[in-house]
**Student:** 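Can you keep this structure in mind? I'll have questions shortly.
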Amino acid sequence: MSSVLSERIEAIYRQVIARNPGEDEFHQAVKEVLESLGPVLVKYPEFSEQKIIERICEPERQIIFRVPWQDDHGEVHINRGFRVQFNSAIGPYKGGLRFHPSVYLGIIKFLGFEQLFKNALTGMPIGGGKGGSDFDPKGKTDGEVMRFCQSFMTELQRHLGEYVDVPAGDIGVGGREIGYLFGQYKRLTNRYESGVLTGKGIGWGGSLVRKEATGYGAVYFVREMLKARKNGLEGKTCVVSGAGNVAIYTMEKLQQLGAKVVACSDSQGIVIHERGIDLDLVKQLKEVERRRISDYAVRHKDARYIAGGNIWEIPCHVAMPSATQNELNGRDAKMLVRNGCIAVGEGANMPTTPEGVRVFLDANIAFGPGKAANAGGVATSALEMQQNASRDSWTFDYTEKKLDEIMTRIHADTHATAEEFGAPGNYVVGANIAGFIKVANAMVALGLI
Ligand code: NDP
Ligand code: 2IT
């Protein structure tokens, strides 16, 4: 990169920090993308003239609202709701809702920023957005979660629509929450507008494979990375962090493809089961009983539970961080490399710190960044929107085949883009550039809006 160019990109980054103080995760996500863009500006001078990077870093709209609700004892609680509508150049805003006590504007903005490039990579007509709340669903009754979701949607509904903004799930938002949110949207608008939310139940407008899609897709991406290196998943030992939606279906597909998953986790600790994780039990504990992963070791005496343990200390060939941002740091990455890890696929959004990413790239590990590797979830959301628009529902096999094709194509695109821009094998550069170019071209075509 010429020094003039790097100075220009540096200046843009400094401006992002100044305009968005205290939003560390957003700064981190922006920095990683900007670091990839030097060669793009050389090839496409119109992107500089039109100030595309500056515009892309500024969300189109940011909505923050009060969410009052009552618990089962009649006590009043007030949470904060967010929706950041980041970019609609290639389609309506699309992206999940996160309910977690750590949520603040910086988290939602980082997720929205990642989302707009990820969505472009899917090849589907969806823009980028993200939302959520600092509400903590843990320990709440179904009634409390329902009342919270109804209050949240009472405000959010005015900003949504199948051609406007289409939320889905993320941490703390699964099938139960999408049901309550959709019910309230339907009641307030008096419209059965199926395409306004994705991740719906199969009996009321949902798509088969959406529940499995993020995890399955991430494994397909790893399969493709290994294939490019003349290797495969059969017989590999894997470690998957988290025990939520993404982690569960990552483990399921790894097992289906002949790999052995020896550990998973939740925010309290890790469980190690050398003969292979019993996925039916994880599903029962997490999807049905909503319990802690520590209970796994209560029911399987030959499994080990370590409270507060570090899952990346467990030797494995393939690591799939599938819990949350910045859960795998430089030290963890070094340990994984030392222990023989050959591939990392990010099921979560930005789970690896910048230092960790550097370690993996320097060690020539096959590293699939979240933007590319976890795009299968939102891609299948777009397939759900297609089915809703045509009032159709596809079979599991047909939908899964489409997901596989999309992930295989995202791998090929990001691989080829990395090569074209002088960084062969670097999927971080490949994903950032391929996603950016699609959005930037649309923004140029649509004029200064
Ligand atoms: P879930 O709520 O289903 O599961 C989240 C899992 O991660 C739980 O095991 C949770 O443990 C753990 N976790 C959450 N926050 C933390 C934390 N701060 N520290 C440690 N562990 C934590 O969410 P999903 O599986 O849907 O999401 C997981 C990741 O995947 C997120 O980064 C999300 O953005 C990303 N993602 C999700 C997609 C989807 O379709 N759902 C699509 C693409 C990416 P505990 O229960 O103890 O809190
Ligand atoms: O991070 C993500 O891609 C998601 N949480 C899924 C978004 C979606 O709209 O399906």
Side-chain angles (χ1 to χ4, degrees), residues 25 91-103 107-108 110-119 121-122 124 126-132 136-139 165-178 196-200 206-207 209-218 221 240-251 264-271 282-283 285-287 290-294 308-311 320-328 345-352 369-385:
E25 295 84 358
Y93 309 108
K94 181 84 196 88
L97 297 171
R98 177 177 291 192
F99 292 169
H100 193 273
S102 63
V103 164
I107 296 258
I108 300 299
F110 118 65
L111 290 164
F113 187 74
E114 294 281 293
Q115 195 83 47
L116 78 97
F117 302 108
K118 182 197 305 190
N119 293 4
L121 285 175
T122 66
M124 324 285 283
I126 41 178
K130 201 85 187 191
D136 185 358
K138 275 204 200 82
D165 186 351
V166 182
D170 194 84
I171 291 177
V173 178
R176 174 182 63 172
E177 290 74 19
I178 294 294
V196 75
L197 283 172
T198 59
K200 299 182 295 297
S207 172
V209 191
R210 175 60 190 91
K211 184 172 68 174
E212 295 83 357
T214 312
Y216 280 19
F221 195 88
V240 178
S241 66
N245 173 265
V246 177
I248 286 174
Y249 294 95
T250 295
M251 293 194 267
C264 65
S265 63
D266 64 14
S267 60
Q268 315 281 292
I270 67 176
V271 64
V282 178
K283 284 185 186 174
L285 290 174
K286 289 294 181 181
E287 292 186 335
R290 296 182 190 273
R291 286 179 187 277
R292 313 309 311 158
I293 203 67
S294 54
N310 182 356
I311 199 165
M320 300 201 57
S322 308
T324 193
Q325 64 278 352
N326 293 326
E327 56 165 315
L328 195 168
E346 293 189 326
N349 285 307
M350 209 170 75
T352 313
K371 265 184 219 89
N374 72 38
V378 75
T380 308
S381 279
L383 300 179
E384 182 172 333
M385 292 163 76

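Just so you know, residue 1 is the first one in the sequence shown, and it goes up from there. Indexing begins at 1, ligand by ligand and atom by atom, following the structure's order.
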**Student:** Give, for atom CG of Asp266 and atom NZ of Lys138, the distance between the pair rounded to the nearest 0.5 Å.
**Tutor:** 7.5 Å
**Student:** Compare Ala348, Gly96, Gly347 and give the one whose heavy atom is closest to atom 44 (C) of ligand 1.
**Tutor:** Gly347
**Student:** Given Asp136, Asp170, Ile107, Ile293, identify the one with the heavy atom nearest to atom 26 (O) of ligand 1.
**Tutor:** Asp170
**Student:** For atom 15 (N) of ligand 1, what is the closest protein heavy atom, and at what distance to 0.1 Å?
**Tutor:** His100 NE2, 3.6 Å
**Student:** For atom 2 (O) of ligand 1, what's the nearest protein heavy atom and its distance?
**Tutor:** Gly172 N, 2.9 Å
**Student:** Should Ala243 be listed as contacting ligand 1, given a heavy-atom distance under 4.0 Å as the test?
**Tutor:** yes
**Student:** Nearest non-hydrogen contact with atom 41 (N) of ligand 1 belongs to which option: Thr380, Val282, Asn245, Leu111?
**Tutor:** Asn245
**Student:** Please determine whether any non-hydrogen atom of Gly169 lies less than 4.0 Å from an atom of ligand 2.
**Tutor:** yes
**Student:** Any non-hydrogen atom of Lys130 lying under 4.0 Å from ligand 2?
**Tutor:** yes
**Student:** Which of the numbered atoms in ligand 1 are below 4.0 angstrom from a heavy atom of Ser322?
**Tutor:** 28 (C), 29 (C)
**Student:** For ligand 1, is there an N or O atom under 3.5 Å from any N or O atom of Gly377?
**Tutor:** no
**Student:** Strictly by modelled atom types, are Gln268 and Ser294 linked by a side-chain donor-acceptor pair under 3.5 Å?
**Tutor:** no
**Student:** Tell me: protein heavy atom nearest atom 10 (O) of ligand 2, and distance?
**Tutor:** Ser381 OG, 2.6 Å
**Student:** Walk me through whether Glu114 and Gln325 qualify under side chain to side chain contact (heavy atoms under 4.5 Å, CB included).
**Tutor:** CA-CA 12 Å; Glu114 294 281 293; Gln325 64 278 352; over 6 Å; no
**Student:** List the steps, then state whether side chain to side chain contact (heavy atoms under 4.5 Å, CB included) holds for Arg210 with Leu383.
**Tutor:** CA-CA 9 Å; Arg210 175 60 190 91; Leu383 300 179; over 6 Å; no
**Student:** Please state which option from Ser241, Ser267, Cys264 has its nearest heavy atom closest to atom 11 (O) of ligand 1.
**Tutor:** Ser267
**Student:** Using a heavy-atom cut-off of under 4.0 Å, does the side chain or the backbone of Arg210 touch ligand 1, or both, or neither?
**Tutor:** side chain
**Student:** Using every non-hydrogen atom in the two residues, find where Pro137 and Gly172 come nearest and quote the distance to one decimal.
**Tutor:** CG-O, 3.8 Å
**Student:** Between Glu177 (side chain only) and Gly169 (backbone N and O only), is there a donor and an acceptor less than 3.5 Å apart?
**Tutor:** no
**Student:** N/O to N/O below 3.5 Å, does that happen between Lys138 and ligand 1?
**Tutor:** yes
**Student:** Counting only heavy atoms, tell me which of Thr324, Asn374, Thr214 gets closest to atom 40 (O) of ligand 1.
**Tutor:** Thr214
**Student:** Which of the atoms of ligand 1 are close to Gly242, meaning less than 4.0 Å from one of its heavy atoms?
**Tutor:** 9 (O)
**Student:** In terms of residue, atom name and distance, what is the protein heavy atom nearest to atom 7 (C) of ligand 2?
**Tutor:** Gly96 N, 3.5 Å
**Student:** Taking all atoms of both residues into account, what is the closest heavy-atom pair of Leu197 and Ile178, and its distance?
**Tutor:** CD1-O, 4.0 Å
**Student:** Does Met350 have a non-hydrogen atom less than 4.0 Å from ligand 1?
**Tutor:** no
**Student:** Given Lys371, Arg292, Gln268, which has its nearest heavy atom closest to atom 47 (O) of ligand 1?
**Tutor:** Arg292
**Student:** Pairs of nitrogen or oxygen atoms closer than 3.5 Å, one from Arg98 and one from ligand 1: do any exist?
**Tutor:** yes
**Student:** Would you please determine whether Glu327 falls within less than 4.0 Å of ligand 1 on a heavy-atom basis?
**Tutor:** no
**Student:** Could you pull out the closest heavy-atom pair between Gly242 and Cys264, with the gap in Å?
**Tutor:** O-CB, 3.5 Å
**Student:** Just let me know how Asn349 lines up against ligand 2, side chain, backbone, both or neither, with a heavy-atom cut-off below 4.0 Å.
**Tutor:** side chain
**Student:** Side chain, backbone, both or neither: which applies to Lys118 and ligand 2 if a contact is any heavy-atom pair less than 4.0 Å apart?
**Tutor:** side chain
**Student:** I'd like to check whether Lys286 has a polar contact with ligand 1, where a contact means an N/O of the residue lying under 3.5 Å from an N/O of the ligand.
**Tutor:** no
**Student:** So if I count the atoms of ligand 1 from 1 in the order they appear, which ones are less than 4.0 Å from some heavy atom of Ala323?
**Tutor:** 7 (O), 12 (C), 28 (C), 29 (C), 31 (C), 32 (O)
**Student:** In this structure, does ligand 1 have an atom that sits under 4.0 Å from one of the heavy atoms of Ser102?
**Tutor:** no
**Student:** Can you tell me the protein heavy atom closest to atom 14 (C) of ligand 1 and the distance?
**Tutor:** Ile171 CD1, 4.0 Å
**Student:** Pick whichever of Ala373, Gly269, Gly244 has a heavy atom sitting closest to atom 8 (C) of ligand 1.
**Tutor:** Gly244
**Student:** What are the atoms of ligand 2, with element, lying closer than 4.0 Å to any heavy atom of Ala168?
**Tutor:** 8 (C), 9 (O), 10 (O)
**Student:** Among all protein heavy atoms in this structure, tell me which lies nearest to atom 9 (O) of ligand 2, with the distance rounded to 0.1 Å.
**Tutor:** Lys94 NZ, 2.7 Å
**Student:** What do you reckon, does Arg210 put a non-hydrogen atom under 4.0 Å from ligand 2?
**Tutor:** yes
**Student:** Which pair of non-hydrogen atoms, one from Ile107 and one from Arg98, has the smallest distance, and what is that distance?
**Tutor:** CG2-NH1, 3.9 Å
**Student:** Can you see which heavy atom on Leu285 is nearest to which on Arg292, and at what distance?
**Tutor:** CD1-O, 4.4 Å
**Student:** Give, for atom NZ of Lys94 and atom CE of Met385, the distance between the pair rounded to the nearest 0.5 Å.
**Tutor:** 6.0 Å
**Student:** Atom CG in Asn349, atom OG1 in Thr214: separation rounded to 0.5 Å?
**Tutor:** 9.0 Å
**Student:** Among protein heavy atoms, which sits nearest to atom 24 (P) of ligand 1, and what does the distance come to when rounded to 0.1 Å?
**Tutor:** Val246 CG2, 3.9 Å
**Student:** For Ala168 and Val173, which heavy atoms make the closest approach, and how far apart are they?
**Tutor:** O-CG1, 4.3 Å
